[in-house]
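These notes are about the structure you will find just below.
Just so it is clear, the values below take in all heavy atoms, side chains as well, and ignore hydrogens, waters and symmetry mates.
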Protein chains: 2
Amino acid sequence: MSLACATCPVRDRAACSVLSEADRDTLSKSGRHVDLKRGDTLFHAGDEGNACATLLTGALKVTRIDSEGNERILALIHPAGFIGELFRPFSDYDVVALGESRLCLFGRGDMENALDQHPALARALLRRAQEDLHASRELLAMAGKNSAEEKIATLIMALAQAASDSPCHPAQRFELPLTRGEIANLLGVTIETVSRQLSKLEKTGVIVKNGSRGIEIVDPARLRFMSDLSS
Amino acid sequence: MSLACATCPVRDRAACSVLSEADRDTLSKSGRHVDLKRGDTLFHAGDEGNACATLLTGALKVTRIDSEGNERILALIHPAGFIGELFRPFSDYDVVALGESRLCLFGRGDMENALDQHPALARALLRRAQEDLHASRELLAMAGKNSAEEKIATLIMALAQAASDSPCHPAQRFELPLTRGEIANLLGVTIETVSRQLSKLEKTGVIVKNGSRGIEIVDPARLRFMSDLSS
DNA sequence: CGGTGGCTTGACGGCGCTCAATTCATGTGG
DNA sequence: CCACATGAATTGAGCGCCGTCAAGCCACCG
């Protein structure tokens, strides 16, 4: 079952884009597509990590259950992202779809073989891993901000950026891939605080809410000022 | 100037440990040792990232200055850790020594050549990157905990673990590599809160303070309970 | 129609931030 | 060796943001 790399929505950005046409076709023979809907689990914490995947469309969350039984969201995965701990016997996290998502799934062994045969692929994955690390540190910086207002503003900017097709400026209107509870969890605040902050942003004319998930950014400058990103 | 890999303190754990004796010697010819003392900067944010390094002894912090001019600590590097963004034109973070530290420094070009010639090295670096990612997510989980008590307890456990030579159990006595201000910064609380929490831990008989940096863990079980790590 | 899950809004109290004073540790010059 | 300066750490007092608890709203669905 060969994959249609030619029509892949992330063919220019995913790790496999560094391979030649021929090599990519070879690798594609060992992969397959997987479709998930919101709430579907791709990997369970504790499973043996014998698969990895590239996200084509949709969004995923990486979570862990802490000792009190609370879910903690530790990362978001966007299209072209790579998931899979190649070097641990077990995966440490749950990976769950936040919406309709399509992935390109590979067996661990196949991927490891491909890594050995194609140094360029190893470098591409290394690059991805460093980008993930960067993203995680961004998240850490966001979680460390003192006020809830700052956290929410920063997250909205980041999600608007991710929802945009242009890498340079954020989408003006978009749908939050996360519920209030997930936002709260990610930022380390409560649902009520998230809800209040969003209401305040709407009342002060910075955003407009469309239903519970839709966001329209009315005053990007002020939003950016509130989040004051250096990056 | 060849490096003495044979006596390297992290020769079994660093990325280069996957190389054969001969290959490691070849790589070592292009590297050199660097010694830093507390406060010395290894990389500046904005510098062109044309070097990378493995930490042999000591500890480093990875920081960024936010738009308000406050330092934010985003990661700690312990011996055998690898530093260097191989795929970005500029480094995004400052990397500063927390104490007397020794590193093994390589030029970016040399390292990239080595990566292409030795797939095993690329895989080792990929593994390290995933470990860094894991550590960053641990930090994120810690920063997201609600109470300051939990954060401090978790950090002390983690630092005790890092200070121990045994991978399974924490050191009973050790020196904090961080000042109160750095701890506060890392955890997203204030200096005063850190100080108060440490005093409370001492008053309740969980730890004993030796000077401003020394920590002795008297009741590891209670400390672990307070931090309730699942990992 | 009632039930369910997600979201919003309000009232209240506590944890931690702010501001401020004091103590401690360290190094420097007389 | 002491006096002093300097910076870090500790401790206290007061207040504000946000967490907790609770009630109500909205959309969707059986």
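Contact annotation: B:Ser195 does not reach the phosphate of D:dA9 (side-chain N/O to OP1 or OP2, under 4.0 Å). Of the side-chain N and O atoms in B:Lys209, one or more sit less than 4.0 angstrom from OP1 or OP2 of D:dT10. Distances shorter than 4.0 Å separate none of the side-chain N or O atoms of B:Arg196 from OP1 or OP2 on D:dT10.
Between the P atom of D:dC21 and the CD1 atom of A:Ile191 lies a distance of 14 Å, rounded to the nearest Å. What separates CD1 of B:Ile152 from C1' of C:dC15 is a distance of 14 Å, to the nearest Å. With rounding to whole Å, B:Asn70 atom CG is found 14 Å from C:dC17 atom C1'. Look at CD on B:Glu192: it is 9 Å from C1' on C:dC19, rounded to the nearest Å. One can place CD of A:Glu149 at 9 Å from P of D:dC18, the figure rounded to the nearest angstrom. Straight-line distance from the NZ atom of A:Lys200 to the C1' atom of D:dC18: 11 Å, rounded to whole Å. Atom CG of B:Leu201 is separated from atom P of D:dT11 by 13 Å (rounded to the nearest Å).
Comparing C:dT9, D:dG19, C:dT8 by their closest approach to the side chain of A:Ser199 singles out C:dT9. Comparing C:dT8, C:dG16, D:dG19 by their closest approach to the side chain of A:Val189 singles out D:dG19. Taking the side chain of B:Thr190 as heavy atoms from C-beta on, and the options D:dT20, C:dT8, C:dC17, the nearest nucleotide is C:dC17. Listed nucleotides: D:dC18, C:dC19, C:dT9. Nearest to the side chain of A:Ala148: D:dC18. Residue B:Gln197 places its side chain closer to C:dG16 than to any other of D:dC18, D:dA9, C:dG16. Here the nucleotide nearest the side chain of A:Arg213, chosen from C:dC7, D:dA9, C:dC17, is C:dC7. The side chain of B:Arg180 sits closest to D:dT10 out of C:dC7, D:dG19, D:dT10. When the nucleotides D:dG19, D:dC18, D:dC21 are ranked by their closest atom to the side chain of A:Ser147, D:dC18 comes out on top.
Within 4.0 Å (heavy atoms only), B:Val194 reaches no atom of the nucleic acid at all.
A:Arg128 and A:Arg13 make their closest contact through NH1-O, 3.8 Å (heavy atoms, listed as atom of the first residue, atom of the second, distance). Considering all non-hydrogen atoms of both residues, A:Pro79 and A:Gly58 come closest at CD-O, 3.4 Å.
A salt bridge does not link A:Glu182 with A:Arg72: none of the charged nitrogens is closer than 4.0 Å to a carboxylate oxygen. The residues A:Glu216 and A:Arg173 are annotated as salt-bridged, a charged nitrogen and a carboxylate oxygen being separated by less than 4.0 angstrom.
Along DNA chain C, the nucleotide closest to A:Lys203 and the one closest to A:Ser212 are compared, and the more 5′ of them pairs with A:Ser212.
For B:Tyr93 and A:His134, the ring centers sit closer than 6.0 Å to each other.
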